[in-house]
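Note on naming: letters A, B, ... go to the chains in the order of the sequence lines (proteins, then strands), and numbering restarts at 1 for each one.
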Amino acid sequence: MLRFLELSNDTLFVYYLLSNLIYFGLLITAIFKNVIHRRRLASLRLELFKASPFTPPITLIVPAHNEERSIVDSVKALLSLDYPSLEVIVVNDGSRDSTLEKLQQAYHLQTVRLLYIADIATAPLRGIYHSLVEPRLLILDKESAGCKADAINAGLNAATSPYVCVVDADSILERESLLRIMQGVFSDPSQVVAVGGIVRVLNGSRVVQGELQEVRLPKSAMEVMQVIEYLRAFLVGREAWAGFNMLPIISGAFGVFQRDLVKQVGGFRTHAVGEDLDLVIRLHRHLQDQKRPYHINFIADPTCWTEVPTDLTSLARQRARWHKGLIDALWPNRDMLFRARYGRVGWAVLPYMWIFEFFAPVIEVVGYFTIGAAFVLGVLSRSFFLQFLLFGYAFATLISIGSVLLEEMTYRRYNRWRDVARLLIYCLFEHFPYRQLTMVWRLQGIWQYLRGDLQWRELKRVGISPSSAD
Amino acid sequence: MEFVFSPIEKLGPAGLVVKAILGSLLGIFLLIGFIILRRWYRARYFRRRNERTLAVRTQWDDIVSGKIPLLDWRLDPLDCEIVESILLDSVETAAPEQLPGLLDCLRTSGLVDLRICEARMERGWKQRTALLALGRTRAAEAIPALAEALEASSRETRIAAVRGLGRTARTEGAIPILDAMMTGRLGVPDHTLKNALVNCCRGYPGILLNYLEQSRGPVRELLARVLGELASADLGEELLVLSADPLPEVRASAARALGSTNTSYTLPALHTLTNDPEWFVRLRAVVALGQIENLGKIRILLRSLCDTNRYVRQRAAWALAQMEPHLEQILEDVVATNDNYALQTFISELERSGAIEKVASALEVGSNPQSAEAALLDVVEAARRRVGMTGKAAAAAAGTR
């Protein structure tokens, strides 16, 4: 028993050290990549791409389910994006509220009998509408299949552009974000099959009629913690993984894909809990199976602002869902692990996701128990435990502050001294009790998945409209 | 430092952890310090830059005309940077009569020479920045230095050189790009190349023809695409030759180019291209037909409305729906084709363009409303039933058409 406890505690130490060291490596890679990208941006003239006849058209797919509060402002903001050839397809996914009526009023919709070919099977369409005042807008009204993936697939069927961009109806894209994200495609259109942009926390910022007026840090501690998490995940994690062409996920809130390729892999998997993660892993699989050279890119400056949960219940639901989505995407693709044909995806990123993402809460909770047992049995070296705790805290804080530094060195969206000071202070307090709560929610996610509970639970949202989220 | 390290050494293996803790804490303080210092420095720099920009702007005309001696600003790095950036921005937006004055200022101040020197002597980001700035000057003497950079070993530098040459917007800027493309060693993304060539060849697209004749494969496709964007009636019968090219991309580009001409051969050439075996060539031909002013195109578009490809049908319907005074006649002709897919596409397009009500009311007051409307309703209903089938069966049926 004592030997087991010792072994368990040593394993925990090694696991924690390894996890932090990998993230530290990712941080260094991300700093390097971001600095290069910033230099490239300095010489980039977006207006030239806007005026270029070779800039490919793009279709924005906006799945909307009960979005009456924000849909009109969201669509208005999307239509005002800077991009030369844009089509916006809003998929009203069986909304029970007045989402369609609001669109009807604002955009004078008229039924059209377009030939809709369901290359990817979806729930039946109830109608197709186009706007009499905005020719770039198409509305698909469909019955709900109970999942966002089905709505996106309907949009994919109707899209006419070679590239599609999936955007959440409750998110806000910056005006130049499409031109910026497409730079990731222009770098090598023959190989780049998908590009992800950064998702940032909207809470606290000032929004007027669907347009972001001023970026500010949210007021509540829980939301600021999420800001730090998003910075770490996007500016560090995704940037670095994409640098090695191993990006495992493109956020469902903002990503560009080659339309035909997504259709080739059967579109977004209906009823997948994390349809975005699932799609990107399937794209890796498909392209590696075909031995086709490809790149799945991430660009950190095109920004999508999204609302994050403001109450504990919603946050718990979201985190449990994310963890369910993780296992739901990893399990069907477990045969990719350590297979030569899947290269670095099978040998590096997928094992990392299994060990340091999926199993993290399990290992953490086992660690708490064994440390507690060792303490009770008197076999825990108190000084070593204290040192381990301090080291873990300091190293993790270093990485969090590193991601704030990255933000400071590159995109500087938080301009006020006060906001930066608060970010730095919260980096020091992020590890207790927020981290432990996250662990519990992720364990809930695993439990729900094992029970077969894949139900989508509503999150409480403040809403970005009508005038402000401040 | 002995007093710090000796107690740690005494701790044995635990000393390593203590060192790691201290290292991490030091890292945290350094990062926080760096963030604070960087913010302070940047705030100070931008304040100063703002003050100097205001000072330069208030004397701008005197600086450009040379009334203010060059030495007053040229040797101050910040002032020099500000003047150069304002000058380059002005060059891009200047009217033709203002351009010589701005170029004179860039030349007499030695800024062009400085950038040429940097483009040749420097490496890395400094060289790339110089290449882009050189291109923005639009000076003819910048082209040799930019052309030399096309031979650079770094892909980033070659991209910067291509962009720089594109920014010159001079026909002679295209020649080094085209020569390098012919060697096949350029290795620059197509999008960058196409944009640069479009900028350079806008004044004289004929320059592309010689290279097009000599090129093969992807280079030929790329050149054809650029030519398709720039071609005008001046290219004359060269377009007819291209429209019979074995490469479908080239034929598609020829079709696109024909859309901007309106000569005696335009309609027959586009007619031929609407029968091309490649759907995207037919699509380009139909789009081009939509752009030309010639009633003869109606007959061709009606045939394309019955095309096997749905994109071609959609574009043909779009082009036909633009022909406002003839819509009733066109609708009757579409009904007469007995092609339900064609009718479906055309009606959809009329709905989309908002012309459906006008056409319907015109049919009601027409000479033979019953027959036209009844036939229309019959065929529309049949088409609706046929394409209204849900699921893949309908999709497959429609898709194979």
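The nearest pair of heavy atoms linking B/R155 to A/S187 is NH2-O, 3.3 Å. Closest heavy-atom contact between B/S24 and A/F395: OG-CD1, 3.7 Å. Closest non-hydrogen pair, A/L398 versus B/I28, comes out as CD1-N, 3.4 Å. Across all non-hydrogen atoms, the minimal contact from A/F54 to B/V226 is CZ-CA, 4.1 Å. The minimum heavy-atom distance linking A/P53 with B/R225 is given by the pair O-NH2, 4.0 Å.
Here CG of A/L48 is found 7.5 Å from CG of B/N195. Values are rounded to the nearest 0.5 Å. With values rounded to the nearest 0.5 angstrom, B/L25 atom CG is found 7.5 Å from A/L390 atom CG. Here B/K194 contributes atom NZ and A/S52 contributes atom OG; the two are 8.0 Å apart, rounded to the nearest 0.5 Å. How far CZ of B/F34 is from CE of A/M409: 5.5 Å, rounded to the nearest 0.5 Å. Annotation: the span from B/R39 atom CZ to A/N415 atom CG amounts to 6.5 Å, rounded to 0.5 Å. How far CD1 of B/I35 is from CG of A/L405: 5.0 Å, rounded to the nearest 0.5 Å.
Contact of the B/R167 side chain with the A/R45 side chain is registered, since non-hydrogen atoms from C-beta on lie closer than 4.5 Å. Residues A/F391 and B/K19 fail the side-chain proximity criterion, which asks for heavy atoms closer than 4.5 Å.
No more than 12 heavy-atom neighbours from other residues, nucleotides or ligands sit within 6.0 angstrom of CZ on B/F29. Open room surrounds CZ on A/F32; 12 or fewer heavy atoms of other groups in view lie less than 6.0 Å from it. Around CZ of A/F24, the count of heavy atoms belonging to other residues, nucleotides or ligands within 6.0 Å does not exceed 12. Residue B/R38 places its CZ atom among more than 12 non-hydrogen atoms of other residues, nucleotides or ligands, all under 6.0 Å distant.
A/V420 touches chain B through its side chain: at least one heavy atom from C-beta onward sits under 4.5 Å away, while N, CA, C and O do not. For a residue to count as touching a neighbouring chain, one of its non-hydrogen atoms must lie under 4.5 Å from one of that chain's; by this rule B/R136 touches chain A with the side chain only. Contacts of A/F49 with chain B are made by side-chain atoms alone, with heavy-atom separations under 4.5 Å and no backbone atom involved. Interface remark: A/E408 contributes backbone and side-chain atoms alike to the contact with chain B (heavy atom separation under 4.5 Å). With a 4.5 Å cut-off on non-hydrogen atoms, A/T55 touches chain B through its backbone and its side chain both. Only the side chain of B/E156 comes within less than 4.5 Å of a heavy atom of chain A; its backbone N, CA, C and O stay farther away.
Contact count against chain B (heavy-atom pairs under 4.5 Å) is highest for A/I36 among A/L132, A/I36, A/V185, A/N157. Between chain A and the options B/T192, B/I36, B/V198, heavy-atom pairs under 4.5 Å are most frequent for B/I36.
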